[in-house]
Chemist: 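After the structure tokens below, expect a handful of questions from me.
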2 protein chains.
Amino acid sequence: MPVEPNYFQQYQHADIDELADVIGELLQNPITVEDADHKLIAYSSHGESTDEARWSTIMGRRVPEKVLTRLWKDGVFQELLTQDDPVHIPAKDEIGLGKRVAIAIRRGSDVLGYIWAQEVNRPITREDDEILRQAARVAVSRLIQRQGKRKAEEQRRKEFLWELLLGNHSSEAVIRQKADTLQMQLPTSYLICIIEAAGARLDQYLYPLLMRDKLLWVVDGSQIILLIGLSEAKKDKSDVLIRKVEQFLADSLGKLEAHVTEGRQVIAGYGRDYKSYTDIVKSYREALHALKIKKLFPQENEGIHGYHELGIYRYLLQLKQWEEEQGYQNERLEKLRQYDRDNQTTLLTTLETFLDAAGKVNKTAERLHIHINTLSYRLRRIEEIIRVDLDNMNQRAALYLELKIAKLDGEQ
Amino acid sequence: MPVEPNYFQQYQHADIDELADVIGELLQNPITVEDADHKLIAYSSHGESTDEARWSTIMGRRVPEKVLTRLWKDGVFQELLTQDDPVHIPAKDEIGLGKRVAIAIRRGSDVLGYIWAQEVNRPITREDDEILRQAARVAVSRLIQRQGKRKAEEQRRKEFLWELLLGNHSSEAVIRQKADTLQMQLPTSYLICIIEAAGARLDQYLYPLLMRDKLLWVVDGSQIILLIGLSEAKKDKSDVLIRKVEQFLADSLGKLEAHVTEGRQVIAGYGRDYKSYTDIVKSYREALHALKIKKLFPQENEGIHGYHELGIYRYLLQLKQWEEEQGYQNERLEKLRQYDRDNQTTLLTTLETFLDAAGKVNKTAERLHIHINTLSYRLRRIEEIIRVDLDNMNQRAALYLELKIAKLDGEQ
DNA sequence: AGTTTGTTTGTGAATTTTCACAAATGAAAA
DNA sequence: TTTTCATTTGTGAAAATTCACAAACAAACT
């Protein structure tokens with residue numbers, strides 16, 4: 001293995017702009033240096049041949065949004081965030097992006113920024129990768145200070161989110177003002193989403209996704225709490241927005257479940273969407289509620305994350321508590337349970353399966369592995385024993401509720 | 001019209017026993033006088049020919065229970081209580097009751113007692129009726145004092161019931177003791193039933209029924225509150241007892257509705273059955289709740305009176321209140337309502353009918369007077385618009401609940 | 001005017017549900 | 001042991017449901 005030369009020996013103390021020029025000279029191509037938030041930090045001054053993406057970046061002092069979106073979509077950033085080596089990116093003419101190479105500037109697992117090298121004057125080969133690796137290493141010290149400031153800001157933003165989650169602020173105006181001083185732009189519509197994983201480094205694994213969507217988040221024990229913005233809530237198109245959340249969750253859970261093979265306890269829930277930021281407490285509580293229900297009824301709520309999708313489960317805990325306060329005990333179900341015990345039957349399970357199948361005898365018999373006439377007999381029996389009319393929606397719904405409430409005791 | 005002689009002219013100041021003898025002599029038959037509670041007050045002393053019923057009555061100083069039950073069943077008391085004339089009763093050998101004639105002793109609408117004349121020595125004809133009428137009139141003054149005492153006792157019992165209803169007593173032992181001092185025997189199992197009629201003299205119309213079942217009751221405005229005993233709650237035979245309550249209600253409501261033709265607002269509700277008398281508050285509250293629900297959803301709960309039969313309606317008020325506290329507004333239903341307004345459709349009604357029919361398309365289409373394919377189209381539309389899966393019981397039940405909750409606002 | 005869109009109704013075939021009746025099974029009671 | 005009872009399964013026919021496809025219609029839009 002040949003010993004690579006130390007390209008930046010004599011530039012250890014050069015400032016960041018000088019460094020960009022040096023890299024540019026070594027690679028004979030235009031260089032751009034950005035921080036983790038894609039704000040322009042430095043760029044090489046030689047050479048006029050520049051594509052539209054670089055031009056816009058320099059003029060706007062930030063990488064244009066559409067370029068970022070595209071690169072996230074193509075998985076470029078995912079690569080950059082997860083590996084130490086330079087990433088070679090083919091040209092993407094639709095967004096005015098020429099062929100280039102990029103590398104992340106990182107300290108430990110933190111990404112401080114990126115170095116971009118355009119390929120215009122000459123191709124950048126694998127041999128040049130070491131130059132970029134060294135350049136990234138040298139750039140670290142220049143970015144650390146900036147990073148410190150950024151971290152402190154991030155920290156203050158997280159504290160602010162906690163305040164919002166706990167409902168410390170009562171006035172919308174005060175919230176907006178504080179958000180301004182923290183240079184946060186609050187989405188017009190938002191919701192709170194919680195992802196919980198047993199013993200996983202949640203923020204670590206989700207980092208690329210969090211960065212991609214520029215989410216505000218805090219970690220609380222084994223939970224990560226996310227403020228997700230629903231940019232434009234046009235008319236009846238809220239469905240589309242919710243589907244974006246579901247997409248995000250699918251991505252996140254997929255990624256996490258790959259990592260957390262052991263307990264595989266990865267669950268997520270989110271509250272309803274609100275516009276006023278005094279309602280953030282509500283959305284948070286709703287997300288927590290959804291999570292709680294998903295733990296209590298995992299099968300019943302598989303694939304469901306939104307509080308608005310919980311159906312009757314939304315009421316269950318409350319109703320349970322109410323029944324207890326009233327000293328109500330369900331005689332009908334107890335009667336069935338007793339009958340089952342006395343006669344070694346399974347009428348209660350039969351009833352639950354029947355109700356879960358929304359009264360479809362076919363589906364019910366199938367799930368229970370019994371003849372359809374057996375089912376019909378059992379249902380008739382149930383109607384006789386607990387004196388109920390299963391064709392009556394009121395009674396059906398009531399029984400359904402009662403059954404699910406009873407399950408909360410683990411009595412089943 | 002011949003002027004009837006005044007048979008009791010010279011006995012105006014005779015005591016009650018003497019009176020019985022006089023009547024006996026006039027009719028040449030054995031006489032028994034009872035108070036309203038069928039306790040023996042006096043009996044004629046001549047003549048040995050006496051049937052088993054009279055003999056038991058005199059020996060036990062009260063009319064035997066089985067005789068009373070039979071006479072109530074045959075409607076004899078109903079007649080006695082509602083008319084001033086003597087009632088001629090055929091022999092009922094199975095209970096040892098010979099042929100006899102009876103008349104109620106009444107002051108105004110209050111029944112103070114009864115005079116019974118057995119037919120053994122000679123038949124008692126219509127001509128003798130006037131003798132009994134006059135005898136009943138003369139007996140009034142002898143029974144008034146007794147009646148006063150009885151009324152005071154009744155009054156104290158009613159006050160006691162009120163105390164129980166309002167939960168003033170916390171100890172079962174104290175309650176039992178007080179019941180003893182008031183000479184009340186509390187049924188082992190009981191429930192509270194309330195009948196409400198707009199402007200009717202409830203206790204008046206129900207008097208025969210109340211007497212028959214010896215119920216404890218109080219009147220509260222337009223409501224009459226009844227403590228109904230369920231004598232022997234053997235094993236799983238509670239159904240039979242409840243059916244007795246239903247029978248009583250059917251009788252009562254039938255009678256009342258005949259009288260209250262105007263507003264026809266006669267409703268009834270009853271709570272669950274309890275054994276401990278500290279629970280009487282619960283049963284009372286449940287009865288009130290049932291009544292309230294029946295007012296809010298008259299059609300939905302037609303023919304239903306028991307709190308235990310309310311189904312989901314039992315939860316509705318609580319859920320409504322809870323939703324309001326949470327500031328929850330139902331977007332799904334609102335969306336449908338909006339669609340209906342925009343397109344002059346009736347999807348909301350369609351949905352409700354469908355759910356009420358427990359998902360039977362046939363019944364639904366019939367009730368809506370539409371083609372079954374129209375219904376199928378509408379349901380598909382509903383599923384699209386509010387993004388719901390009507391085959392899913394959770395969603396179905398949730399929608400059902402939401403619909404009924406929404407109806408509480410009168411928003412429909 | 002024609003076109004589009006959402007709604008209603010019709011037809012027909014495959015499938016499911018409902019119901020009545022009968023036979024087989026197994027466990028408990030006589 | 002037989003008898004009884006509750007349960008399961010089978011058969012078959014009528015009724016109801018589901019689904020695809022098409023025609024008719026009215027209101028809104030171009």
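Residue numbers start from 1 in every chain, and the chains themselves are labelled A, B, ... in the order their sequence lines are given, proteins ahead of strands.
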Chemist: Could you tell me whether the phosphate oxygens of D/dT7, OP1 or OP2, come under 4.0 Å of any side-chain nitrogen or oxygen in A/Thr374?
Modeler: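 Result: no.
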Chemist: How are the rings of B/Tyr277 and B/Tyr190 set to each other: parallel, tilted or perpendicular (split at 30° and 60°)?
Modeler: parallel
Chemist: Atom CD of residue position A/Glu94 - does it have more than 12 heavy atoms of other residues, nucleotides or ligands inside 6.0 Å?
Modeler: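 Yes, CD of A/Glu94 has more than 12 neighbouring heavy atoms, counting only those of other groups under 6.0 Å.
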Chemist: Send over the distance from B/Asn343 CG to C/dT7 C1', rounded to a whole Å.
Modeler: 10 Å
Chemist: How many whole angstroms separate atom CD1 of B/Ile370 from atom P of C/dT7?
Modeler: 13 Å
Chemist: Of the nucleotides C/dT9, D/dT9, C/dT7, which has the atom closest to the A/His371 side chain?
Modeler: D/dT9
Chemist: In this structure, how many angstroms lie between the P atom of C/dT9 and the CG atom of B/Leu368, rounded?
Modeler: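 Going from CG in B/Leu368 over to P in C/dT9 covers 11 Å.
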Chemist: Summarise protein proximity over nucleotides 17-30 of chain C in one line of letters, 5' to 3': B for base, S for sugar-phosphate only, - for none, counting protein heavy atoms closer than 4.0 Å.
Modeler: SSBB----------
Chemist: Output the distance between atom CG (B/Leu310) and atom OH (B/Tyr315), rounded to the nearest 0.5 Å.
Modeler: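 B/Leu310 atom CG to B/Tyr315 atom OH measures 10.5 Å (nearest 0.5 Å).
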Chemist: Verify the contact: side-chain N or O of A/Tyr377 to OP1 or OP2 of D/dT7, cut-off strictly under 4.0 Å; return yes or no.
Modeler: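 For A/Tyr377, the contact criterion (side-chain N or O under 4.0 Å from OP1 or OP2 of D/dT7) is met.
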Chemist: A/Gln247: what forms a side chain to side chain donor-acceptor pair (under 3.5 Å) with it, not counting sequence neighbours?
Modeler: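 With sequence neighbours excluded, A/Gln247 shows a side chain to side chain donor-acceptor pair (under 3.5 Å) to A/Asp251, given in chain and number order.
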Chemist: Does B/Tyr307 have its ring centroid less than 6.0 Å away from the ring centroid of B/Tyr270?
Modeler: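 Centroid distance B/Tyr307-B/Tyr270: not below 6.0 Å, so no.
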Chemist: In whole angstrom, give the distance that lies between atom CD1 of A/Ile382 and atom P of D/dT7.
Modeler: 11 Å
Chemist: Within this structure, what is the CG-to-P distance between A/Asp340 and D/dA6, rounded to whole angstrom?
Modeler: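 Interatomic distance, CG of A/Asp340 to P of D/dA6: 16 Å.
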Chemist: Among C/dT7, D/dT7, C/dT8, which nucleotide sits nearest the side chain of B/Arg378?
Modeler: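 Comparing C/dT7, D/dT7, C/dT8 against the side chain of B/Arg378, the answer is C/dT8.
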Chemist: From CG of A/Leu375 over to C1' of D/dA6, roughly how many Å is that when rounded to an integer?
Modeler: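 It is 17 Å, rounded to the nearest whole Å.
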Chemist: According to the side-chain hydrogen bond (donor to acceptor under 3.5 Å, both in side chains) rule, which pairs have a member within residues 361-373 of chain B, sequence neighbours left out?
Modeler: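 Listed once each, the pairs would be none.
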